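Nothing here was measured: the structure is a model prediction, and the numbers come from that model. What you see below is based on every heavy atom in this structure, not just the backbone, and it leaves out hydrogens, waters and symmetry mates.
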Amino acid sequence: MRQVKRLLPYVRRYVQMAVYDVLDAEGAEYRKEESGAVVARLSVYGNVSTFSLSTEIQDVGTGLTVSMREPCPGLSVQGEERAVTAVADKVAQYLENELLINRRCFVPDRHYAV
């Protein structure tokens, strides 16, 4: 089973919400397991595979683990590795966009402050 682990500098709740937001944006079918992991069927680079996404509290943030459960038939080992990396990257990039970049770019209009 192909797997990618990332340590993200955010609280677990934010990472969990990002997982759901990314899966929704990708139009994925998903379900939450009793273990807390989210199992999702989604297309990555045009290949539909099944992934498991889980989060774990760490000392300095949240660990995100993305595993491939069922690869697209015929997908190469390198393709599997690219796919799990792409899913992890999408979650990490979403968090960066929402929590860092968008906040720096937003400048409130003081004329309309309530």
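The nearest pair of heavy atoms linking K90 to V22 is O-CG2, 3.8 Å. Nearest heavy-atom pair across A92 and L8 is CB-CD2, 3.9 Å. Closest non-hydrogen pair, V44 versus A86, comes out as CG1-CB, 3.8 Å. Here the shortest heavy-atom pairing between R82 and Y45 reads O-CE1, 4.1 Å. Among all heavy-atom pairs drawn from F51 and M68, the shortest one is CE2-CE, 3.5 Å. Smallest separation of non-hydrogen atoms from V84 and V66: O-CG1, 3.9 Å.
Cluster partners of V60, by chain and number: L7. The rule joins Ile, Leu, Val, Met, Phe, Trp and Tyr whenever side-chain heavy atoms lie under 4.5 Å apart.
Residues satisfying the side-chain hydrogen bond (donor to acceptor under 3.5 Å, both in side chains) criterion with T50, sequence neighbours excluded, are R41. For Q3, the side-chain hydrogen bond (donor to acceptor under 3.5 Å, both in side chains) test picks out S67, with sequence neighbours left out. Checked against ring pair (Phe, Tyr, Trp, His ring centres under 6.0 Å), Y20 has the following partners two or more places apart in sequence or in another chain: Y30.
Both L53 and M17 sit in one connected hydrophobic cluster of ILVMFWY residues. Membership requires side-chain heavy atoms under 4.5 Å apart, directly or through other members. Placement of V39 and V87 in two distinct hydrophobic clusters is found when ILVMFWY residues are connected by side-chain heavy-atom separations under 4.5 Å, directly or transitively.
With values rounded to the nearest 0.5 angstrom, Y94 atom OH is found 8.5 Å from L99 atom CG. Atoms OG1 and CD, from T65 and E56 in turn, are 7.0 Å apart once rounded to the nearest 0.5 Å.
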Checklist entry - Please walk me through it: do V38 and L23 pass side-chain contact (heavy atoms from CB on, under 4.5 Å)? => result CA-CA 10 Å; V38 178; L23 294 176; 3.7 Å; yes
Would you tabulate the side-chain donor-acceptor contacts of residues 69-78 under 3.5 Å, counting partners in other chains and residues two or more places apart, or write 'none'?
| unit_1 | atom_1 | unit_2 | atom_2 | d |
| --- | --- | --- | --- | --- |
| R69 | NH1 | E33 | OE2 | 3.0 |
| R69 | NH2 | E33 | OE1 | 2.9 |
| S76 | OG | G79 | N | 2.9 |

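Two residues are said to be in side-chain contact when any heavy atoms from C-beta on lie closer than 4.5 Å; Y10 and E96 meet this criterion. For the pair R6/T62, no side-chain contact is recorded, criterion being any heavy-atom separation below 4.5 Å from C-beta on.
Every pair tested for salt bridge (charged side-chain N to carboxylate O under 4.0 Å, His left out) that includes a residue from residues 8-24 fails, sequence neighbours excluded, so the list is empty.
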